[in-house]
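Below is the structure I would like to discuss, written out as structure tokens.
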Amino acid sequence: MDLQEHRQQFPGLNNKFYFNYGGQGPMPKASLEAIIDSYKHLEVHGPFSYKSNNWVSQCLMTTKQTIAQEIGIHPHHLTLTENVTAGCNVALWGMDWQPGDHLLLTDCEHPGVIAIALELQRRCGITFSTCPVGNTLNGGDPVAVIREHLRPETKMVIVSHLLWNTGQILPIKEIAAACHDRDTLLLVDAAQSVGSLPLDLLASGVDYYAFTGHKWWCGPGGVGGLFISPQVKTNPTFIGWRGVDETVKDDAFEIIWKQDGAKYEIATSAYPLYYGLKAAIDTHNEWGDAHQRYEQIKLNSAYLWGELTKIPGLSCLKDSAPEAGLISFTVDSLQSHTSLAKALERSGLMVRTLALPNCLRACV
């Protein structure tokens with residue numbers, strides 16, 4: 001598809017230079033229309049009617065099939081969530097933690113995940129620590145760093161597939177193998193990787209992979225997912241009717257857990273948003289498959305990185321062309337980059353600031 005024609009499908013690109021896909025991607029027209037049409041359909045037929053309930057079942061199945069095909073899993077192993085953090089909560093609170101168990105994070109994890117670790121420490125008596133993966137951005141072996149910091153009592157490791165602050169891609173297949181050599185589970189924060197990297201999760205060996213649809217897939221906020229490997233046992237924490245099959249026996253409900261990813265889904269959701277995400281994924285695939293889109297992202301980021309390196313007083317964190325669509329950089333004369341980000345936004349160019357490291361981030 002012609003690039004300019006393709007861009008016209010995204011109304012949010014018409015009046016700005018948008019470099020914030022890592023925060024939230026602009027929705028295509030097809031997503032907006034799918035959401036509106038779905039709400040109209042439910043209202044016309046009665047939002048809680050046999051016809052609408054059948055529509056919801058079809059919506060769940062179709063959305064899961066679309067997502068599963070994109071990330072290389074079976075739909076049976078997919079749980080629909082609201083976002084990455086919700087998926088991480090399912091995985092972390094579903095563990096049978098004991099006092100003294102150890103949780104290992106990298107030093108590049110999101111505050112939302114760090115907050116869960118702190119609460120696990122308070123409630124369950126676990127310990128957690130971080131390992132300096134960020135130091136390997138321009139050289140070094142992140143797998144060796146993680147392996148060096150594993151302990152006999154390490155029960156789980158949390159890494160981000162594509163680091164949100166520096167744009168580095170971590171080799172999750174090799175990290176999963178290193179963890180499993182020590183009988184340790186691997187939870188992957190996939191906030192930046194889903195929709196930007198081609199994925200084959202079953203081949204990667206990861207145990208948990210939590211992602212969202214509102215960033216690089218450009219879907220609506222409020223729809224994400226969690227892959228749970230069939231080899232791991234996870235207990236549901238938040239529980240509701242979507243996760244169980246109930247029957248009536250002897251004038252009482254008999255509750256049976258569902259045996260697929262729906263076990264960790266809770267109750268009523270904004271189902272039209274699911275079709276909004278499916279429409280966004282379909283729009284991307286009209287331009288090219290996941291591999292073709294990734295190659296274009298790399299071309300775009302290499303171009304931007306190359307031009308930024310020519311600007312005096314500006315330094316990119318990565319000293320070579322980025323591996324994905326995140327480019328972080330600093331301006332030497334600024335203690336805080338917020339004023340620059342706001343000035344750029346007033347001129348129609350949108351990037352974001354990061355606190356650790358103190359920098360600006362552009363996402364292409």
Under 3.5 Å, which donor-acceptor pairs link side chains of residues 229-236 to any protein atom two or more places apart or in another chain?
| unit_1 | atom_1 | unit_2 | atom_2 | d |
| --- | --- | --- | --- | --- |
| S229 | OG | Q231 | N | 3.2 |
| S229 | OG | Q231 | OE1 | 3.0 |
| K233 | NZ | N235 | OD1 | 2.9 |
| T234 | OG1 | Y208 | OH | 2.5 |

* **Residues N300, Q296; criterion side chain to side chain donor-acceptor pair (under 3.5 Å); working and verdict** => CA-CA 6 Å; N300 292 345; Q296 186 63 51; 3.0 Å; yes
* Should the pair F10 and H6 be assigned to parallel (<30°), tilted (30 to 60°) or perpendicular (>60°) ring geometry? ->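 If you compare the ring of F10 with that of H6, the planes turn out perpendicular.
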* Asked: W287 and L277: same hydrophobic cluster, using ILVMFWY side-chain contacts below 4.5 Å?
  -> no
* Side chain proximity check, I228 to K263, heavy atoms < 4.5 angstrom -> no
* To do: Could you check if a side-chain atom of S160 sits within less than 4.5 angstrom of a side-chain atom of L170, using non-hydrogen atoms only?
  =>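 With C-beta onward as the side chain, the pair stays apart.
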* Structure fact -> For G12 and P26 the tightest heavy-atom approach is CA-CB, 4.4 Å
Hey, can you pull the donor-acceptor pairs under 3.5 Å for the side chains in residues 339-351, sequence neighbours left out?
| unit_1 | atom_1 | unit_2 | atom_2 | d |
| --- | --- | --- | --- | --- |
| S347 | OG | L344 | O | 2.7 |

* Could you give the distance from CZ (R7) to CG (L13), rounded to the nearest 0.5 Å? ->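 So the gap between those two atoms works out to 5.0 Å.
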* **Distance-minimising heavy-atom pair for H149 and P132** =>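 Shortest heavy-atom contact: CE1-CD, 3.6 Å.
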* Asked: Measuring from S315:OG to D332:CG, what's the distance to the nearest 0.5 Å?
  -> 4.0 Å
* To do: Not counting sequence neighbours, which residues clear side-chain contact (heavy atoms from CB on, under 4.5 Å) with D245? List them please.
  =>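 With sequence neighbours excluded, D245 shows a side-chain contact (heavy atoms from CB on, under 4.5 Å) to K258, given in chain and number order.
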* Rounded distance [0.5 Å steps], NE2 in H76 versus OG1 in T79 ->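 Here the interatomic distance stands at 10.0 Å.
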* **L226 CG to T212 OG1 distance, which is reported to the nearest 0.5 Å** =>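 The CG atom of L226 sits 12.0 Å away from the OG1 atom of T212.
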* Asked: Which ILVMFWY residues can you reach from L317 by hopping between side chains whose heavy atoms are under 4.5 Å apart?
  -> L137
* To do: Any chance you could measure K215, atom NZ, to Y21, atom OH, to the nearest 0.5 Å?
  =>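 Those atoms lie 14.0 Å apart.
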* Contacts of S52 that satisfy side-chain hydrogen bond (donor to acceptor under 3.5 Å, both in side chains) - sequence neighbours left out ->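 Per chain and number, S52 pairs via side-chain hydrogen bond (donor to acceptor under 3.5 Å, both in side chains) with S49.
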* Asked: Take atom NZ in K173; do more than 12 heavy atoms of anything else shown fall under 6.0 Å from it?
  ->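 Open.
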* **Smallest separation among heavy atoms of H214 and P220, with atom names** =>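 Heavy atoms of H214 and P220 come nearest at CB-O, 3.6 Å.
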* To do: May I ask you to say whether K40 pairs ionically with E43, meaning some side-chain N is under 4.0 Å from a carboxylate O?
  =>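 No, this pair does not count.
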* **Over 12 non-hydrogen atoms of neighbours within 6.0 angstrom of CD in E307** =>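 Atom CD in E307 is packed in, count exceeds 12.
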* Please name all residues satisfying side-chain hydrogen bond (donor to acceptor under 3.5 Å, both in side chains) with S204, sequence neighbours left out, ordered by chain then number. => none
* Among V194, L202, D207, V188, which one satisfies side-chain contact (heavy atoms from CB on, under 4.5 Å) with F227? ->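 Testing each of V194, L202, D207, V188 against F227, the sole residue satisfying side-chain contact (heavy atoms from CB on, under 4.5 Å) is L202.
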* Asked: Do the non-hydrogen side-chain atoms of Y274 and I67 ever get within less than 4.5 Å of each other?
  -> no
* Asked: Stepwise, does the side chain to side chain contact (heavy atoms under 4.5 Å, CB included) test hold for I116 with F128?
  -> CA-CA 11 Å; I116 304 172; F128 79 92; over 6 Å; no
* Using the six-membered ring wherever Trp is involved, compare the ring planes of F211 and Y209 and label them parallel, tilted or perpendicular (cut-offs 30° and 60°). => tilted
* Would you indicate whether the side-chain heavy atoms of E246 and I255 approach each other to under 4.5 Å? =>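 Side chain of I255 against side chain of E246, heavy atoms only: contact under 4.5 Å found.
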* To do: Please step through side chain to side chain donor-acceptor pair (under 3.5 Å) for the pair Q65 and T62, ending with a clear verdict.
  => CA-CA 5 Å; Q65 288 173 341; T62 303; 4.8 Å; no
* Asked: Between C359 and T330, is a side chain to side chain contact (heavy atoms under 4.5 Å, CB included) present by the stated rule, with each step listed?
  -> CA-CA 5 Å; C359 65; T330 61; 3.7 Å; yes
* To do: Run through the side-chain heavy atoms of Ile, Leu, Val, Met, Phe, Trp and Tyr, join any pair under 4.5 Å, and report what else lands in W164's cluster.
  =>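 Joined to W164, directly or through intermediates: L354.
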* Which heavy atom in W305 sits nearest to a heavy atom in P322, and how many Å separate them? -> CB-CD, 3.6 Å
* Shortest non-hydrogen contact between A324 and I169, atoms and distance ->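 Nearest pair, atom of A324 first, then I169: CB-CD1, 4.1 Å.
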* **Nearest heavy-atom neighbours spanning C218 and S31** =>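 The pair with the smallest heavy-atom distance is O-OG, 4.4 Å.
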* Does the pair K29 and E33 meet the rule for a salt bridge (Lys or Arg N to Asp or Glu O under 4.0 Å), with working shown? -> CA-CA 6 Å; K29 293 177 183 177; E33 292 167 357; over 6 Å; no
* Pair H110-V84, side chain to side chain contact (heavy atoms under 4.5 Å, CB included): steps then yes or no -> CA-CA 10 Å; H110 193 273; V84 176; over 6 Å; no
* If you measure from CD1 on I146 to CD on E174, what distance do you get to the nearest 0.5 Å? -> 11.0 Å
* Check side-chain hydrogen bond (donor to acceptor under 3.5 Å, both in side chains) between E254 and all other residues, then give those that pass, not counting sequence neighbours. => T247
Using atom types as modelled, flag every donor-acceptor pair under 3.5 Å from a side chain in residues 88-105 to any protein atom, sequence neighbours excluded.
| unit_1 | atom_1 | unit_2 | atom_2 | d |
| --- | --- | --- | --- | --- |
| N89 | OD1 | W93 | NE1 | 3.1 |
| N89 | ND2 | T85 | O | 2.9 |
| D96 | OD1 | Q98 | NE2 | 3.1 |
| W97 | NE1 | L92 | O | 2.8 |
| D101 | OD2 | Q98 | N | 2.7 |
| D101 | OD2 | K155 | NZ | 3.4 |
| H102 | ND1 | T154 | OG1 | 2.7 |
| H102 | NE2 | S129 | OG | 2.7 |

* Cut-off 3.5 Å, side chains only: do E109 and T106 have a donor facing an acceptor? ->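 Yes, because at least one side-chain N or O of E109 sits under 3.5 Å from a partner of the opposite role on T106.
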* Apply side chain to side chain donor-acceptor pair (under 3.5 Å) to the pair T136 and Q168, showing each step before the final yes or no. => CA-CA 9 Å; T136 67; Q168 181 182 3; 3.0 Å; yes
* Asked: So with a 6.0 Å cut-off around CD of Q121, is the heavy-atom count from everything else above 12?
  -> yes
* Are W55 and Y275 close enough that their ring centres sit under 6.0 Å apart? -> yes
* Asked: With sequence neighbours excluded, what pairs up with E153 under the side-chain hydrogen bond (donor to acceptor under 3.5 Å, both in side chains) test?
  ->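 Per chain and number, E153 pairs via side-chain hydrogen bond (donor to acceptor under 3.5 Å, both in side chains) with no residue.
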* L326 and T166: side chain to side chain contact (heavy atoms under 4.5 Å, CB included), yes or no, with the steps? -> CA-CA 7 Å; L326 281 73; T166 67; over 6 Å; no
* **Which residues share a salt bridge (charged side-chain N to carboxylate O under 4.0 Å, His left out) with D282, sequence neighbours left out** =>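 For D282 the salt bridge (charged side-chain N to carboxylate O under 4.0 Å, His left out) partners, ignoring immediate neighbours, are K278.
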* Asked: Do L356 and N165 have side-chain heavy atoms sitting under 4.5 Å apart?
  -> no
* According to the side-chain hydrogen bond (donor to acceptor under 3.5 Å, both in side chains) rule, which pairs have a member within residues 350-364, sequence neighbours left out? ->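 Residue pairs passing side-chain hydrogen bond (donor to acceptor under 3.5 Å, both in side chains), neighbours aside: H337-N358.
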